[in-house]
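Side chains are part of it too, since the values below use all heavy atoms of this structure and drop only hydrogens, waters and symmetry mates.
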2 protein chains.
Amino acid sequence: MSPRPMARPGGRSARVQESVHAAVRELVAEVGRDALTVPMVATRAGVTPSTIYRRWGDLQELLSDVAVERLRPETDPADLGSLRADLDAWAEQFLEEMASPPGRAYIRDALLGDPDGTNAGQCSAYAAQQIDVVLARAVRRGEPVPERELLIDRIVAPIMYRILFRPGRLDAAYARELVTNAVCAQQTAAGARHPQR
Amino acid sequence: MSPRPMARPGGRSARVQESVHAAVRELVAEVGRDALTVPMVATRAGVTPSTIYRRWGDLQELLSDVAVERLRPETDPADLGSLRADLDAWAEQFLEEMASPPGRAYIRDALLGDPDGTNAGQCSAYAAQQIDVVLARAVRRGEPVPERELLIDRIVAPIMYRILFRPGRLDAAYARELVTNAVCAQQTAAGARHPQR
DNA sequence: GCCTAGAAGCAACAAAATCGCATTAAGGTG
DNA sequence: CACCTTAATGCGATTTTGTTGCTTCTAGGC
């Protein structure tokens, strides 16, 4: 998943990978992302720089790997008894995490060192999974549910667009408004469109 | 706007800036973005590397400046006689330009070397301006119009999100669908919300 | 308990970024 | 229009980073 070939995942390689990732996390906290250099990470990790250059290519790809790990959701969305409540809570938390300074930094890093889009795809997959969990619960309850793609377009996309492209603040009220507009639309114009794979 | 302090914009500074930007455009076409280096750009531009390092900081910020210039729309959206037609045409063209390989590259570059979000903000401002032109015309015709923010959330954001985070293809039908859903919503749930400045 | 091949270490090398100092030229001033 | 101030560039020395060939080590398969 993370480094280039990902052959031979056990033993020493795994130790090196973990050691390097840990070094990145520590050093980002200590000296800041901007002061980070590959030799610095290598020293902290007890590894030679050439190992990092060979496995990750450059600092950006390494940071991208670390960022994606941190963007992985740790728990499933809470079950609050209804689709609307679940979506509200999830969207609020999602916005809060992503719009926070560290969240913004991780998003940028994840996109940055990602030549083939693998890591970016992983980020969107995380959000899609979380939404799927919420939708599956609603289906089990017998509620009518909108399509996952609609929710991504109406909730996730606006949040991420504003984080990346627009300077202004984002608050929980905005998240709730997006949810309102998204679930309102489910019977009007949701339809069988844009399957995206 | 582009370089750091932007004091003393006339004369030599302006010539250097234009020369460096031109060198970047030429070399990207010739050797590709990945092979580009600051010393290479400096040589082509007839400038010393330290000049580039001092004015732009690093290659990414320079590429970001060049990318934003290229993302500036060259013409106003076409006037086709109705809001719906204008939006359809604009969204199709916007998607086509942004989702094309060079468009994707410019977007990435613009976001990449942009510590303070200035260039990203400029990109979203371009889209907002284009939308404003379309809306102003519709108002002049007496058509009911949705809010600009709603169109950004419903049309621009999904397109950009998919370009950045999702691997799949994007086609004109998707753009039209987004427009349909956006204009449908204008009387239902558009309301006085999320002003964002 | 051997092989084998992928991964890491090491060191010399090449290329890049940084920095102090000298020089140039914009833009303002009298 | 000559002069002055100061931002911006040029230049070169120095430091740091990135690359490469080769050796050594070890995980995984026999």
Side-chain angles (χ1 to χ4, degrees), chain A residues 1-24 26-28 30-66 109 112-115 118, chain B residues 1-24 26-28 30-66 109 112-115 118:
Chain A
M1 231 142 283
S2 283
R4 295 286 186 66
M6 203 48 191
R8 193 163 292 191
R12 185 162 71 158
S13 289
R15 278 198 304 278
V16 166
Q17 151 133 354
E18 178 45 36
S19 163
V20 168
H21 277 215
V24 168
E26 292 168 22
L27 286 170
V28 164
E30 288 174 28
V31 306
R33 185 178 281 72
D34 295 341
L36 216 63
T37 67
V38 170
M40 193 184 300
V41 174
T43 302
R44 173 67 64 102
V47 169
T48 61
S50 60
T51 294
I52 295 181
Y53 287 122
R54 275 197 265 251
R55 279 188 62 166
W56 282 278
D58 61 14
L59 187 61
Q60 289 184 351
E61 293 187 46
L62 173 55
L63 284 171
S64 181
D65 276 354
V66 174
D109 284 344
L112 231 82
D114 190 22
T118 306
Chain B
M1 235 141 281
S2 280
R4 295 286 184 66
M6 203 49 189
R8 193 163 288 191
R12 186 163 70 157
S13 289
R15 279 198 303 279
V16 166
Q17 153 133 355
E18 178 44 38
S19 163
V20 168
H21 276 215
V24 168
E26 292 167 22
L27 287 169
V28 164
E30 289 174 27
V31 306
R33 183 178 280 74
D34 295 341
L36 215 62
T37 68
V38 170
M40 194 184 299
V41 173
T43 302
R44 173 66 63 102
V47 169
T48 61
S50 60
T51 293
I52 295 182
Y53 288 121
R54 276 196 270 249
R55 280 187 62 165
W56 283 277
D58 61 12
L59 187 61
Q60 290 184 350
E61 292 187 45
L62 174 54
L63 284 171
S64 181
D65 278 353
V66 174
D109 285 344
L112 232 80
D114 190 21
T118 306

Give the nucleotide from the list C:dT18, D:dT17, C:dC19 with an atom nearest to the side chain of A:Thr37.
D:dT17
Judged by nearest nucleotide, the residue sitting upstream toward the 5' end of DNA chain D, A:Met40 or A:Ser50, is A:Met40
If you compare every side-chain N and O of A:Arg55 against the phosphate oxygens of C:dA8 (OP1, OP2), does one of them come in below 4.0 Å?
yes
For A:Trp56 and C:dA7, what is the distance between atoms CH2 and P respectively, to the nearest whole Å?
12 Å
What is the distance, to the nearest angstrom, from the CD atom on B:Gln17 to the P atom on D:dA7?
19 Å
In whole angstrom, what separates B:Glu18's CD from D:dA8's P?
18 Å
Between atom CG of B:Asp58 and atom CD of B:Glu61, what is the distance when rounded to the nearest 0.5 Å?
5.0 Å
Gap separating the CE atom of A:Met40 from the CD1 atom of A:Ile52, nearest 0.5 angstrom
11.5 Å
Find the distance B:Arg12:CZ to D:dA8:C1' and express it as a whole number of Å.
6 Å
For the backbone of B:Leu112 and the side chain of B:Asp109, can you confirm whether one donor and one acceptor N or O come within less than 3.5 Å of each other?
no
Rounded off to whole Å, could you give me the CZ-to-C1' distance for the A:Arg54 and C:dA11 pair?
12 Å
Roughly how far apart are B:Leu63 CG and B:Asp114 CG, rounded to 0.5 Å?
12.5 Å
Give the rounded distance in Å between these two atoms: CZ of A:Arg15 and P of D:dG28.
10 Å
Determine: side-chain N/O of B:Tyr53 to OP1/OP2 of C:dT18, distance under 4.0 Å, yes or no.
no
Between the CD atom in A:Glu26 and the CZ atom in A:Arg44, the distance rounded to the nearest 0.5 Å is 5.0 Å
Side-chain N or O of A:Thr48 versus OP1/OP2 of C:dG9: is the shortest distance under 4.0 Å?
yes
Figure out the CG/P separation between A:Leu62 and D:dT17, and round it to whole Å.
15 Å
Counting side-chain heavy atoms from C-beta on, which of C:dA26, C:dA17, C:dG9 comes nearest to B:Val38?
C:dA17
What is the distance, rounded to the nearest whole Å, between atom CD1 of B:Ile52 and atom P of D:dA8?
16 Å
